[in-house]
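Residue numbers start from 1 in every chain, and the chains themselves are labelled A, B, ... in the order their sequence lines are given, proteins ahead of strands. Quick caveat, the model's predicted, so the values are computed rather than measured.
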Amino acid sequence: MANKLKDRLMARTANLAEKVEAAAADRPSIADQRPMTMPGQLGAFRLEAQRYQRQIDELAAELEKARKSGAVIEIPLDLLVEVPGRRRALTPEQKIELRENLRHNKLTHPITVRPLPDGRFEVISGHNRTDQYRELRRDKISAVPIEMSDAEASASAFYANLLQSDLSDYEKFVGFQDLLERTGKTQAEIAADSGISENTLSRLMAFVDLPPTAIEIIRTVPHCIGSSAVSQLGAIAREGKADAVLNAVKALAEGRVTQDAAVRMARDGEVRVKATRPTPVSIKSGKTTYCTVIAANKTLRIDFKTEEARAAVEEAVKKILSEFAAGDR
DNA sequence: CATAGAGTAGGGTAAATTCG
DNA sequence: CGAATTTACCCTACTCTATG
């Protein structure tokens, strides 16, 4: 489920590291051929000095280039700046898991940062990794610097969260709505950018059709409803049955009904509480149970006490069934 | 532990509908 | 009208429970 989306998003960014490395490999090598020795030490020194100076300049340029975008660099934690509201919430267990992982292993996925004019770096993705590095009292962290605008930065941050976490559909909706407003792109374009399908995004956007009070409720229990039910409830709300939708959302938030039932409730006014499991009926032989019969939809099941009992009636049952099948009964 | 069926949610395809 | 969006219909994956 959620995690097909995750897989697709992963697939889209999977080879980022390779791309970065390939770009780095294309750069001209810094190593220059050692110049021939010249007669006279002075001349030789001068040449050496020039060569070193050139190397230093090239390294500085390289660093600058890396700072702007591409290669992984080590950044002191003091130079990292965080933007509020971008952090993906982790459970305490997840935090511990992450910390223990980072304590014993190298950082396999460098964080992503954006160079700021003042020489510091804004964290795009990797707030939690950065936190754990602080906890572990490390002073530097591997990071990929990428040049981007403010809008691009929040879009990237959102996409990073989208693919990493178990965001509820409501939270996804909020992120996508923000993106749509800020970029002015169509749903189709945003869908293509993020790797989700157009209809999935459409279903997600149906949150706007729910009554505001229903949204308030969902905000407190975001996982109670998925995009499928939202799109249907949204349609019902647009028909003017806002009250029915609100009641359905309340019932959902309290866990009284399934999403399916909530939709039926809003649409038909049908109030059926969760799944009625079929109840087995015992067929008694005196005081002991001879067999139990359980019926559900297209299934009729008979459980006997012994295999012998089953064998005894099997042929008779088959015979009756054949008669039904032939339309004789 | 393995298996089976019911119930549920998610989401894909393509047709229908709405928008500009 | 064509593009964008929504919906109907459907399949699949997963959970839960009962049972062998």
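Ile225(A) places its CD1 atom 15 Å from the P atom of dT8(B), with the value rounded to the nearest Å. If you take CZ of Arg264(A) and P of dT8(B), they are 7 Å apart, rounded to a whole angstrom. Rounded to whole Å, the distance from CZ on Arg203(A) to P on dG10(B) is 10 Å. Remark: P of dA3(C) and NZ of Lys185(A) are 19 Å apart, rounded to the nearest angstrom. The CZ-P distance, from Phe207(A) to dT6(C), rounds to 14 Å in whole Å. For Leu204(A) and dA4(C), the CG to P distance is 20 Å, given to the nearest whole Å. With rounding to whole Å, Leu201(A) atom CG is found 12 Å from dA4(C) atom C1'. Across the protein-nucleic acid pair, Arg256(A) atom CZ and dT8(B) atom C1' stand 19 Å apart, rounded to whole Å.
Between the side chains of Ser168(A) and Glu171(A), at least one donor N or O sits under 3.5 Å from an acceptor N or O.
Across all strands shown, Glu198(A) has heavy atoms under 4.0 Å from base atoms, whether or not it also approaches the sugar-phosphate. Residue-level contact check: Thr200(A) touches the backbone only, with heavy atoms under 4.0 Å from sugar-phosphate atoms and none from bases. Within 4.0 Å of Thr186(A), counting heavy atoms only, lie sugar-phosphate atoms of the nucleic acid but no base atom. Within 4.0 Å (heavy atoms only), Ala235(A) reaches sugar-phosphate atoms of the nucleic acid but no base atom.
Between dG7(B) and Gln259(A), no contact under 4.0 Å exists linking OP1 or OP2 to a side-chain N or O. Under 4.0 angstrom from either OP1 or OP2 of dG11(B) there lies no side-chain N or O belonging to Ser228(A). Considering only side-chain N and O atoms, Gln187(A) lies under 4.0 angstrom from the phosphate OP1 or OP2 of dT6(C). Residue Ser202(A) has a polar side-chain atom (N or O) positioned under 4.0 Å from OP1 or OP2 of dT6(C).
Under the 4.5 Å side-chain heavy-atom criterion for grouping Ile, Leu, Val, Met, Phe, Trp and Tyr, Val230(A) is not connected to Val221(A) through any hydrophobic cluster.
Atom CG of Asp243(A) has 12 or fewer neighbouring heavy atoms from other residues, nucleotides or ligands inside a 6.0 Å radius.
Set against dT5(C), dA14(B), dG11(B), the side chain of Ala188(A) has dT5(C) as its closest nucleotide. Here the side chain of Asn199(A) is nearest to one of dG11(B), dT5(C), dT13(B), namely dT13(B). Here the nucleotide nearest the side chain of Arg238(A), chosen from dG11(B), dT7(C), dT5(C), is dT7(C).
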(request) Given side-chain hydrogen bond (donor to acceptor under 3.5 Å, both in side chains), test Ser142(A) with Glu74(A) step by step and report yes or no. (result) CA-CA 5 Å; Ser142(A) 301; Glu74(A) 293 286 317; 2.6 Å; yes
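Under a 4.0 Å N-O distance rule, the pair Glu82(A)/Arg134(A) qualifies as a salt bridge. In this structure, Arg114(A) does not pair ionically with Glu147(A), as no charged nitrogen and carboxylate oxygen lie closer than 4.0 Å.
Using a 4.5 Å heavy-atom threshold, the side chains of Asp131(A) and Leu98(A) count as separate. Side-chain contact check for Leu180(A) versus Gln177(A): every heavy-atom pair is 4.5 Å or farther apart.
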(message) I'd like to compare against my own output: the B/S/- annotation of nucleotides 15-20 of chain B with a strict under-4.0 Å heavy-atom distance to protein.
(response) ------
